[in-house]
Amino acid sequence: MVVGKHARRIVPLVLLAGITSWLAWTTVRAVLARVGHPGGTLDDTYIHFQYARAIAEGHPFRYQAGEPISTGATSVLWPVLLAAPYALGLRGELLMWAAWTLSYAALAALAYEAYRLTLPLASHAAALGAGAMTLSFGGFAWCAASGMEIVPFAWLIAHATRCASDWAEATKELRPELRSARRLLWLVAVAIAAPLLRPEGALTSLVLGSAVLFFPRTPRWTSRARAGVFLLAAIAPNVILIVLTGHPTSSTAQVKLLVGNPYYVLSDAVIANARILVGTILNGELWSAEFLPKGGSAIACAGLVALAWQGHASRRWFRAIAIAVVALTMFVPCIYVTFLWNRLRYLWPFATGWFIGLACLAHIAGALAARIDPRSAPAVTAILAGAISGMLAARLDGIIEDVAQSASGIDRQQVTIGRWIKGALPKDVRVGLNDTGAIAYFGDRRTFDIVGLTTPTEGRYWVAGPGSRLEHYERTHTTSPSSLPTHFAVYPEWMACDPVLGRVIYEAIVTDSTILGGQVMRVYEARFDRLGTGELPWTRAGKIHDAIDVADLESEAEHRYELLGARDGEQIAFEGPTPNGDVVVDGGRTNRTRERFEAHVPHDHSGKMRLIARVEAAAFGSLHVAINGNEIGRAALRPAGWEELSFDVPASLVAGTMNVEVQEEGTTFTSFHWWFADVL
């Protein structure tokens, strides 16, 4: 009898471990066959590896020893977990074995949590279906193979959701141990870990706190007050970041968030992302076609309705709400500029909540079938849940192939360049990167992350665009030239800043991998010899009293330059000839129809001035300029390369701060520079 009871518990766990092990071995074997050694499917994998090495070497939060503190990893806790195996000798690509072990163990545990979360809401067949969907889902298989924190995070929030639900449902008569002091400490530990593993885990901390607040251990107010600890746990990572960097979010978040991005209307962009999520991603189209069956969005949403219904029917409303929070947290990445990166890895940790909803939907279908034949309910539930699992599992072969191909692409491009840099470049170089993971990890050289993830000073310039990066490099070359890179290893089309790219000394071309940012990544010698050449007009002028350097963020701020609807991608780092044959470089903003800014000239200046504008027109047109509301002139625009236009500013308007407004007529133009100078 006892043996049979133990067997009923052990056999499913052994089966779960066996299926997960088979999936892990099949996937890892495909990677090893294609790459020849362990390899990550994402460059970001190696960002975490690099931070793990930094922790093991004793300089945590510093991407390289001696560099400023940076917070460029998606996860704070994942590098901590990997630091121990790194310190024990799993270095280089061998660290992937530790990441794989943790990820696939988490996948098995996640399927178990899906089962345990569903069982109190629906039938045993539905609960098994939720676990089967989890194991069958290619998004989890792909992410487990990536070596990232994704599946461990998915497990942690599912486990926390079950702990919170069990706490809420326990009573003095029924499983009182689930509200013991020891269990409370575990809930606090999980609440601290969740946001450290991924920022979205803060919502999980709040769910745990809600369980303690609404279902206290004792009637005393002090028992409810303990929920405040969970609020502190939710914001603990932000407090740590403020202490370390002075900013409440990581440098990764600052680069990717819509909040603070000057080119988007937050509400419009979030709504647009949410529509893509529901109408395209959940519907198995375009970016998610690899993972989900087409046309499933309505069914997925119906699953959430079924989840709510089962919460009501089973009187386990807290559990249903907590699971719904997991599912709906998938919408949090809608506050990113885009969540379409890296095979949708920002979305998949929350898929478990949707699978539980689908399991509840299958259970309801079984209950409806039972009205016709009471014995049919388990079979109908199992068939429907199994059909969904089967549709997900049918994609696994293609996903495993994609895993191997992605790992191979990363290895043939970023890893190869990193190893080449280590062997070919001196130790004192600094390499500018747009993919800062594998090249830094294998290259073992100081890096300069142009995106701003691991070099936090660069994020705002990356977000602004290539013109702003050029202007920033120009300022930095004057104030701190040693902090600039000596080389660049970039996708040239991503860099979009050719004036600072010198001689090509190496390249890695990969044409058969869609995970990469481009087919060609090149290593360049950095070239800064022409920085500053665009600071003065080529038009003959007297003393310059003020200059507005368009795209230079500091200059724009000083002159209250208005973006006036500027959008992402409307910047340029331009290198071109002047009328006398000199070559100069300058950053600018494209697709302009208006300009509005302040100019500052001496209050005691007497006499008129000359306003000089460096612009480039897209077609024939004219430019109208007004100062303090008074039009001072207009000039013809021609689509013949950049040019400088001059306007006479009457002496009566020259005084201190001047409000300048420019309006085009008939075309759009690129704005580079504006100068106020004496008339010769």
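Keep in mind it's a predicted model, so treat the numbers as computed, not measured.
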In this structure, are over 12 heavy atoms from other groups packed under 6.0 Å from L119 atom CG? yes
Interatomic distance, I400 atom CD1 to L396 atom CG [nearest 0.5 angstrom]: 5.5 Å
Any side-chain to backbone donor/acceptor pair from Y441 onto G92? Under 3.5 Å, distance only. yes
Is there a donor-acceptor pair under 3.5 Å between the side chain of T134 and the backbone N or O of A130? yes
Atom NE2 of H37 with >12 non-hydrogen neighbours under 6.0 angstrom: yes
Partner of Y346 under side chain to side chain donor-acceptor pair (under 3.5 Å), picked from E200, R198, K256, is K256
Salt-bridged, E401 to R34, with N to O below 4.0 Å? yes
To the nearest 0.5 Å, what is the distance between CD1 on I515 and OG on S408? 12.5 Å
How are the rings of Y336 and W341 set relative to one another: parallel (under 30°), tilted (30 to 60°) or perpendicular (over 60°)? tilted
What heavy-atom pair brings W142 and E290 nearest, and what distance separates the two atoms? CD1-OE2, 4.2 Å
Just say parallel, tilted or perpendicular for the rings of W317 and F215, cut-offs at 30° and 60°. tilted
Does the gap between the ring centers of W100 and W97 come in under 6.0 Å? yes
Donor-acceptor under 3.5 Å (R316 side chain, P120 main chain): yes
Please check this pair: side chain of S288 against backbone of E285, looking for a donor-acceptor N/O pair closer than 3.5 Å. yes
Please report the closest heavy-atom contact between A194 and F153, naming both atoms and the distance. O-CE1, 3.6 Å
Between D166 and R179, is the closest basic N to carboxylate O distance under 4.0 Å? no
State, to 0.1 Å, how close A327 and L304 come at their nearest heavy-atom pair, and which atoms those are. CB-CD2, 3.8 Å
When you measure from the side chain of S223 to the backbone of R217, do you find a donor-acceptor pair of N or O atoms at a distance under 3.5 Å? yes
Any sub-3.5 Å donor-acceptor pair from T41's side-chain atoms to A407's backbone N or O? no
For R371 and A367, indicate whether the former's side chain and the latter's backbone hold a donor-acceptor pair under 3.5 Å. no
As an exercise, state the distance from CG of D43 to OG of S406, rounded to the nearest 0.5 Å. 12.5 Å
To the nearest 0.5 angstrom, please state how far the CD1 atom of I150 sits from the OG1 atom of T45. 7.5 Å
Within the side chain of T329, is there an N or O that forms a donor-acceptor pair under 3.5 Å with the backbone of V325? yes
Have a look at M133 and tell me which of F355, W354, F140 forms a side chain to side chain contact (heavy atoms under 4.5 Å, CB included) with it. F355
Let me confirm one number: the CG-CG distance from N283 to L292, rounded to the nearest 0.5 Å. 9.5 Å
F214-F318 aromatic ring centre distance below 6.0 Å: no
ring-ring contact (aromatic ring centres under 6.0 Å, His included): which pairs involve residues 167-207, sequence neighbours left out? H159-W186
If only atom types and distance count, is the side chain of W78 paired as donor or acceptor with the main-chain N or O of A99 below 3.5 Å? no
To the nearest 0.5 angstrom, please state how far the CD1 atom of I281 sits from the CG atom of L286. 7.5 Å
Taking every heavy atom of A145 against every heavy atom of T27, the minimum-distance pair comes out as CB-CG2, 3.7 Å
H124 meets the side-chain hydrogen bond (donor to acceptor under 3.5 Å, both in side chains) criterion, sequence neighbours left out, with Y115
Donor-acceptor pair, distance only, cut-off 3.5 Å: does the side chain of Y51 make one with the backbone of G72? yes
